[in-house]
Amino acid sequence: MPSVSLRLAVIGAGAAGLVAARELRREGHAPVVFERAAAVGGTWLYAPPAAPSDPLGASATHSSLYASLRTNLPRESMGFLDFPFVASEATGSADPRRFPGHEEVLRYLEAFACRFDLLRLVRFETEVLGVRREGRGRWAVTSRKVGDKGSGQEEVYDAVVVCNGHYTEPRIAVIPGVDAWPGKQMHSHNYRVPEPFLDQVVIVIGASASAFDISRDIASTAKEVHIADRSTPFHRCVKQPGYNNLWLHSMIDRAQEDGCVVFRDGSSIKADVIMHCTGYLYDFPFLGDDSTITVDDNRVDPLYKHVFPPEVAPQLSFIGLPWKVIPFPLFELQSKWVAKVLSGRIVLPSKEEMMEDVKAFYSKLEARGWPKRYTHNFSNCQFEYDDWLAAQCGYPTIEEWRKQMYFFNGYNKAARPESYRDKWDDDDLVEDANEDFKKYL
Ligand code: FAD
């Protein structure tokens with residue numbers, strides 16, 4: 001089948017944008033990557049502590065990393081499929097731990113960009129302000145140098161691949177009475193270090209990996225830390241093993257003018273800070289109605305296989321929306337698929353068939369009783385999805401060791417929540433991974 005070479009705009013030079021650029025170029029296209037920051041890495045470009053103008057809002061920084069963050073996936077499983085995230089010179093490694101600090105991931109992404117000569121494709125400090133549909137399915141992209149004034153520059157591209165990440169726009173818990181509550185509220189997006197919480201009483205809302213890590217981090221300096229978790233039964237208030245200042249509660253019922261925060265079990269704490277570790281919202285401020293997608297309760301709708309809006313496919317696509325996944329390999333497979341669809345080597349179903357597929361998927365979610373906001377939560381299906389993408393592209397399925405390692409890490413985390421990053425029982429899988437990596441090293 002003849003292949004078509006297109007001029008493409010990729011928005012973002014995080015892990016998704018980098019691997020998209022590589023796959024698009026491998027397929028013979030000419031991608032231009034727009035990146036607001038001065039460097040590659042996206043989320044992994046740590047922003048040092050600063051007093052945010054709005055501690056509950058997205059603030060000026062993109063990254064949501066805190067200083068002490070170590071990966072929550074073992075490095076062997078985390079890397080791109082053909083560029084292993086091993087502790088070697090090739091990946092610029094300086095932290096050989098199996099669950100390294102965030103700086104190591106940034107070094108890995110920088111090494112990936114250098115190894116595949118991607119930096120020259122990136123327009124740094126250039127923000128995409130608008131993406132507008134033109135005739136013949138093309139898109140006009142308006143971008144502007146960071147710091148410049150004016151309306152920016154418009155260029156026309158054959159297609160746009162959106163890789164702008166989804167861990168920047170905070171999602172906030174609704175707390176009755178909080179407007180009159182005199183304490184300080186903050187979102188984990190703006191959390192960096194525990195020192196500002198010295199001797200304070202802090203309530204952390206959430207049950208995610210970030211809520212777990214941040215509550216422990218803050219407990220190192222705070223007087224008391226109270227975790228409010230909506231999945232904890234109403235009557236529970238449990239001191240956390242190994243800590244004398246950390247408790248797990250049911251969800252917050254209300255906040256009061258006198259500074260008290262009342263939990264659903266009726267108990268109350270006078271608190272200084274409420275830290276919302278309550279996740280993020282998908283946000284595409286540069287897209288208009290002609291993109292044909294809307295975001296409602298964190299469902300990006302409609303998207304065929306979480307990538308293509310049927311009405312404007314394949315000229316608009318999204319890489320990296322699924323969560324509760326191993327992100328980099330999934331981004332890589334989505335990118336291979338998009339690249340081949342754009343070149344015409346893979347043909348998408350008709351618009352109607354894609355819409356039917358989307359509807360059938362929503363019906364399945366409803367039957368399972370999953371809320372809309374879990375549309376892109378892949379906790380039950382990531383490998384099935386990865387393998388479907390791989391089959392589309394004629395690429396091998398995800399390695400068996402990687403699948404097993406993901407599940408083992410989940411069990412280990414549940415069994416050893418405080419120490420899973422330093423103790424594990426799956427060395428045999430590490431050996432399998434290292435054996436497999438030999439073909440790429
Ligand atoms: P991002 O990394 O967010 O990159 C998006 C890029 O787009 C950014 O560089 C941004 O500047 C740019 N951009 C956005 N809008 C525009 C615009 N309008 N114009 C120009 N540029 C724009 N993953 C793991 O694999 N392991 C982990 O242990 C892990 N831990 C995590 C911990 C935390 C606290 C968080 C928040 C995430 C974690 N992740 C982890 C997930 C992580 O987000 C993904 O690994 C991955 O980095 C996401 O890449 P991305 O390219 O989709 O988005």
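Start at 1 and go down the list; that is how both ligands and their atoms are numbered.
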Atoms of ligand 1 less than 4.0 Å from [X] heavy atoms?
X	result
G12	6 (C), 7 (O), 12 (C)
F286	18 (N)
E127	18 (N), 19 (N), 20 (C)
T126	20 (C)
L73	25 (O), 26 (N), 28 (O)
C163	5 (C), 6 (C), 7 (O)
N164	5 (C), 7 (O), 14 (C), 15 (N)
F331	46 (C), 48 (C), 49 (O), 52 (O)

Test side-chain hydrogen bond (donor to acceptor under 3.5 Å, both in side chains) applied to D229 - qualifying residues, sequence neighbours left out: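 So D229 forms a side-chain hydrogen bond (donor to acceptor under 3.5 Å, both in side chains) with S231, T232.
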Could you tell me whether [X] and [Y] have a side-chain N and a carboxylate O separated by less than 4.0 Å?
X	Y	answer
R98	D426	yes
D296	R373	no
K223	D199	no
D95	R97	yes

Region of S143 that comes within reach of ligand 1 [heavy atoms, distance under 4.0 Å]: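 Neither part.
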Mode of L69 contact toward ligand 1 - side chain, backbone, both, neither (heavy atoms, under 4.0 Å):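 Looking at L69 and ligand 1, just side chain atoms fall under 4.0 Å.
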Any F99 heavy atom less than 4.0 Å to ligand 1: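 The answer is no, since F99 has no heavy atom less than 4.0 Å from ligand 1.
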Any nitrogen or oxygen of [X], side chain or backbone, less than 3.5 Å from one on ligand 1?
X	value
T43	yes
H166	no
F328	no

For [atom], what's the nearest protein heavy-atom neighbour? Residue, atom name and distance, please.
atom	result
atom 53 (O) of ligand 1	G165 CA, 3.2 Å
atom 25 (O) of ligand 1	P327 CD, 3.2 Å
atom 39 (N) of ligand 1	W44 CZ2, 3.9 Å
atom 41 (C) of ligand 1	Y167 CE1, 3.9 Å
atom 19 (N) of ligand 1	V128 N, 2.9 Å

Residue among Y282, Y374, Y280 satisfying ring pair (Phe, Tyr, Trp, His ring centres under 6.0 Å) with W323: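 Testing W323 for a ring pair (Phe, Tyr, Trp, His ring centres under 6.0 Å) against Y282, Y374, Y280 leaves exactly one candidate, Y374.
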Heavy-atom check, side chain of F263 versus side chain of W247, under 4.5 Å: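 Heavy-atom side-chain distance check fails, nothing below 4.5 Å.
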Check: F328 and V19 side chains under 4.5 Å, non-hydrogen atoms: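 Not touching, per the 4.5 Å side-chain cut-off.
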CG/D427: more than 12 non-hydrogen atoms of other groups inside 6.0 Å: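 Above 12, so yes.
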Give the single entry among [options] that approaches [atom] most closely by any heavy atom.
atom	options	value
atom 11 (O) of ligand 1	H62, E35, R36	E35
atom 52 (O) of ligand 1	G320, A16, A15	A16
atom 28 (O) of ligand 1	D213, V146, N72	N72

Ring geometry between F378 and Y385 (parallel below 30°, tilted from 30 to 60°, perpendicular above 60°):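 Ring orientation, 0 to 90° scale: perpendicular.
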H187 side chain to R171 backbone, donor-acceptor under 3.5 Å: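 Flag set: sc H187 to bb R171 pair under 3.5 Å.
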Flag, side chain of E35 to backbone of E125, donor-acceptor distance under 3.5 Å: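 No, because the side chain of E35 does not come within donor-acceptor range (under 3.5 Å) of the backbone of E125.
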Sequence-distant partners of Y420, ring pair (Phe, Tyr, Trp, His ring centres under 6.0 Å), two or more places apart: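 So Y420 forms a ring pair (Phe, Tyr, Trp, His ring centres under 6.0 Å) with F99.
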